[in-house]
Amino acid sequence: DGGITQSPKYLFRKEGQNVTLSCEQNLNHDAMYWYRQDPGQGLRLIYYSQIVNDFQKGDIAEGYSVSREKKESFPLTVTSAQKNPTAFYLCASSSRKTNEKLFFGSGTQLSVL
Amino acid sequence: AQTVTQSQPEMSVQEAETVTLSCTYDTSENNYYLFWYKQPPSRQMILVIRQEAYKQQNATENRFSVNFQKAAKSFSLKISDSQLGDTAMYFCAFIRPQGGSEKLVFGKGTKLTVNP
């Protein structure tokens with residue numbers, strides 16, 4: 001089945017540690033996105049990529065980094081510079097063929113130990 | 001910059017009744033898409049309905065329909081015959097395609113509770 005896979009489902013970060021969230025899609029979508037969701041809040045865009053080897057900062061990129069070496073993969077690294085990383089992280093992808101509809105992964109809950 | 005506003009943080013409705021969720025947006029663009037996404041307690045984001053701005057006809061998907069008022073920049077969601085499974089957060093979202101910045105902008109959401 002085609003879809004977006006995020007892993008792990010739960011992740012814990014120690015003080016000063018970098019952690020990487022995985023996002024893989026087999027939908028052949030060109031665009032991929034990372035959103036952050038805090039409790040009771042909407043989704044805020046961290047980074048997005050329209051094409052391989054290219055990505056742009058979203059509204060809250062500070063303390064995060066991404067790479068897009070393959071069309072299928074868009075990992076997000078939460079660096080030690082992100083002082084408040086506890087949140088639910090959602091990855092999504094889209095294609096012009098689907099009229100910009102976003103397909104979402106099931107999310108990763110990141111917590112600080 | 002595009003913004004999306006959902007003015008109702010929480011709403012409740014009795015099972016089998018009808019409820020309308022409000023959404024307004026701000027853009028200077030003429031061509032764009034609008035969406036309603038549902039996020040149940042599982043936190044999986046599920047597309048409910050989509051509207052292309054160039055279409056005057058309001059989109060409908062089974063019990064879900066929208067009232068799209070382009071001039072007023074309003075995009076409300078009507079849920080008919082509400083079911084317990086409709087309990088969720090509902091997010092209104094906007095995207096401007098092919099603009100070099102094709103990012104989906106979300107409102108802050110409306111928490112809908114369907115009571116038995």
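Every chain is numbered from 1 and lettered A, B, ... according to where its sequence line falls, protein lines coming before strand lines. Just so it is clear, the values below take in all heavy atoms, side chains as well, and ignore hydrogens, waters and symmetry mates. Keep in mind the model is a prediction, meaning the values are calculated, not measured.
Taking every heavy atom of both residues into account, A:Q37 and B:F91 meet most closely at NE2-CZ, 3.4 Å.
The line from CE of B:M45 to CZ of A:F103 is 13.5 Å long, rounded to the nearest 0.5 Å. We find the CG-CG distance between A:L102 and B:L47 to be 9.5 Å, quoted to the nearest 0.5 Å. The distance from atom OH of A:Y35 to atom CZ of B:F106, rounded to the nearest 0.5 Å, is 5.0 Å.
In the hydrophobic clustering of ILVMFWY residues, with side-chain heavy atoms under 4.5 Å counting as a link, B:V19 and B:F64 come out together. Cluster membership for A:Y64 and A:Y33, using ILVMFWY side-chain heavy atoms within less than 4.5 angstrom, is not shared. Placement of A:L11 and A:V66 within a single hydrophobic cluster is found when ILVMFWY residues are connected by side-chain heavy-atom separations under 4.5 Å, directly or transitively. Hydrophobic cluster membership is shared by B:L84 and B:L112, with clusters built from Ile, Leu, Val, Met, Phe, Trp and Tyr side chains linked at under 4.5 angstrom. Both B:V114 and B:V48 belong to a common hydrophobic cluster when Ile, Leu, Val, Met, Phe, Trp and Tyr are linked at side-chain heavy-atom distances under 4.5 angstrom.
Within a 6.0 Å radius of CG in B:N62, other residues, nucleotides and ligands contribute 12 heavy atoms or fewer. Around atom NZ of B:K70, more than 12 heavy atoms belonging to other residues, nucleotides or ligands sit under 6.0 Å away. By the neighbour-count criterion of 12 heavy atoms within 6.0 Å, atom NZ of B:K111 is sparsely surrounded, having that number or fewer from other residues, nucleotides or ligands. Annotation for A:I51: atom CD1 does not count as buried by contact number, only 12 or fewer foreign heavy atoms lying within 6.0 Å. Taking a 6.0 Å sphere around NZ of B:K108, one finds it holds 12 or fewer heavy atoms contributed by other residues, nucleotides or ligands.
Interface remark: A:L45 contributes side-chain atoms only to the contact with chain B (heavy atom separation under 4.5 Å). Residue B:Q39 touches chain A through its side chain alone, counting heavy-atom pairs closer than 4.5 Å.
Heavy-atom proximity under 4.5 angstrom to chain B picks out A:F88, A:L90 from residues 74-92 of chain A. Taking 4.5 Å as the heavy-atom cut-off, the residues of residues 105-113 of chain A that approach chain B are A:G105, A:S106, A:Q109, ordered by number.
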